[in-house]
Amino acid sequence: MSDTNADIKYSLIIPIYNEEEIILEMYRRVSAIMAQLDESVELILINDGSRDNSLNLIRDLHTRDPRVCYLSFARNFGHQIAVTAGLNFARGQAIIILDADLQDPPELIPTLIQKWQQGYEVVYAQRLKRKNEGWFKRLTAYVFYRILRRLADVDIPSDTGDFCLMDRKVVDLLNAMPEQNRYIRGLRAWVGFRQTAVEFEREPRFAGEVKYTFSKSFSLALNSLISFSKVPLRLSSYLGLLSAGVALLMAILVLYWRLYQPNSPVTGLATIMIAIFFLGSVQLICLGILGEYIGRIYEEIKGRPLYTLAEVAGFTHFESNSVV
Ligand code: UDP
Ligand code: MG
């Protein structure tokens, strides 16, 4: 995909899900930055099955500005898949991913590019502060990133989102990965190369509701842990060991009471109930952990396409209404 369009220098990728209140302001701020870059830029908007007027707004932008290309999914596939589709279609030498809601300030793009020109293949933006996000989101994000760092096989930097710049080389590698379960931050760290951070303060959302519901964030967190760590599987062995230890201890205690304290007040029923519940829950937890991994193996093995496209425009080489 890259070699046919070697003249495009920068690709900006923006996933969009029900962002009608934001799109025009986003375009205003992003195009101001595009004007500052003196090389050719394409702006790739991915409509992730929005149910509001987003797609029409995107179509308008495309007719007004030929640098705007877009993909429209046949349904909502989620943020990570939307970004993945953008990466598949991007033609630039440096590819920049940002959110539509202006929480990732487009004004940081020239700084990202500067770092790229210094030779870094991955420049990710790291949030110093989160303004106006609720304490619950901040706390869960803080705890999650720390757990992920401890457990993951690769070093995934804390407090980074998908806002980043990646070199063509890195994007080609990401595109070649067969994974269905795509946690871009993790995959980006996994590829290696020279990576660096640029710090910024995360602004509040420009308008509209957060599109990442708690359950979407939770499943992203779970996905990232399971895709990048086998520690939870090991945890089930540890739990098994622990319960075996407790059982042994109890056996010794019961024996001791039988032999030396025939009048001990401990009755059998309570002990048995506790033991049954304890073992039962340990087994269920372990089954659940196994299930999480097996479910993902099942997803991978089916090998379905990552997304279905209802509309593609602006990429002369891919223009079609067909399903990819
Ligand atoms: N988004 C998407 N598909 C979804 C959910 C979100 O493409 O199913 C987009 C959304 O339009 C926005 C970005 O992903 O551009 C980040 O979403 P949001 O701001 O709601 O989440 P945050 O990262 O701020 O928690
Ligand atoms: Mg946001």
Side-chain angles (χ1 to χ4, degrees), residues 12-30 43-58 61 68 70-90 96-106 108-109 124-145 148 156 158-164 181-186 188 200-224 306-311:
L12 307 184
I13 296 180
I14 305 188
I16 290 172
Y17 178 51
N18 296 345
E19 305 280 18
E20 61 184 1
E21 297 141 293
I22 289 177
I23 290 176
L24 292 180
E25 173 67 9
M26 178 275 289
Y27 175 72
R28 194 187 62 75
R29 274 179 59 185
V30 170
L43 175 60
I44 304 179
L45 304 177
I46 301 102
N47 172 39
D48 185 11
S50 300
R51 262 163 272 155
D52 63 359
N53 200 30
S54 298
L55 181 57
N56 284 329
L57 293 172
I58 294 173
L61 285 181
V68 177
Y70 69 87
L71 306 167
S72 183
F73 285 175
R75 66 167 170 86
N76 178 247
F77 280 90
H79 176 218
Q80 300 290 301
I81 300 296
V83 171
T84 303
L87 294 175
N88 291 159
F89 280 78
I96 297 139
I97 302 170
L98 60 160
D99 280 357
D101 59 4
L102 298 170
Q103 282 196 288
D104 302 334
L108 201 69
I109 292 175
Y124 52 84
Q126 196 159 29
R127 333 183 238 258
L128 279 179
K129 252 191 225 154
R130 288 162 176 266
K131 286 189 199 158
N132 289 359
E133 284 185 301
W135 66 268
F136 183 70
K137 169 121 190 185
R138 273 183 305 183
L139 179 76
T140 45
Y142 183 86
V143 172
F144 164 69
Y145 282 115
L148 184 64
I156 302 174
S158 295
D159 304 320
T160 58
D162 291 323
F163 187 20
C164 69
N181 222 312
R182 301 189 85 88
Y183 182 59
I184 305 224
R185 277 157 248 185
R188 183 178 77 198
F200 77 111
E201 290 193 4
R202 196 147 208 244
E203 297 291 326
R205 205 168 218 289
F206 174 70
E209 293 283 301
V210 178
K211 303 303 177 303
Y212 254 97
T213 53
F214 178 72
S215 76
K216 271 187 182 171
S217 297
F218 185 75
S219 85
L220 182 73
L222 203 63
N223 268 340
S224 60
L306 288 173
Y307 47 86
T308 49
L309 289 173
E311 214 177 303

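Ligands are counted one by one from 1 in listed order, and the atoms in each one are counted from 1 as well.
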inquiry  = So for ligand 1, is A82 a polar contact partner (N or O within less than 3.5 Å, distance only)?
reply    = no
message = List the residues meeting side chain to side chain contact (heavy atoms under 4.5 Å, CB included) with R29, not counting sequence neighbours, and say none if there are none.
response = E25, L102, P105, P106, E107
Between [X] and ligand 1, which residue portion shows a heavy-atom distance shorter than 4.0 Å: side chain, backbone, both, or neither?
{"X": "N76", "answer": "side chain"}
{"X": "D48", "answer": "side chain"}
{"X": "E19", "answer": "side chain"}

task = Tell me whether D101 has at least one N, O or S atom under 2.8 Å from the Mg ion (ligand 2).
result =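 Within the cut-off used here (under 2.8 Å), D101 does place an N, O or S atom near the Mg ion (ligand 2).
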Do [X] and [Y] have side-chain heavy atoms sitting under 4.5 Å apart?
{"X": "F89", "Y": "L71", "value": "yes"}
{"X": "I81", "Y": "V83", "value": "no"}
{"X": "I16", "Y": "I46", "value": "no"}
{"X": "E19", "Y": "D99", "value": "no"}

Counting from 1, what ligand 1 atoms have a heavy atom of [X] closer than 4.0 Å?
{"X": "G78", "value": "3 (N), 8 (O)"}
{"X": "A100", "value": "15 (O)"}
{"X": "Y17", "value": "1 (N), 2 (C), 3 (N), 4 (C), 5 (C), 7 (O), 8 (O), 11 (O)"}
{"X": "I16", "value": "7 (O), 11 (O)"}
{"X": "D101", "value": "18 (P), 19 (O), 24 (O)"}

query = Taking only residues two or more places apart in sequence, or in another chain, which ones meet Y70 in a side-chain hydrogen bond (donor to acceptor under 3.5 Å, both in side chains)?
reply =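 E311.
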ask   = Are Y307 and F73 close enough that their ring centres sit under 6.0 Å apart?
value =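 When the ring centroids of Y307 and F73 are compared, they turn out to be within the sub-6.0 Å range.
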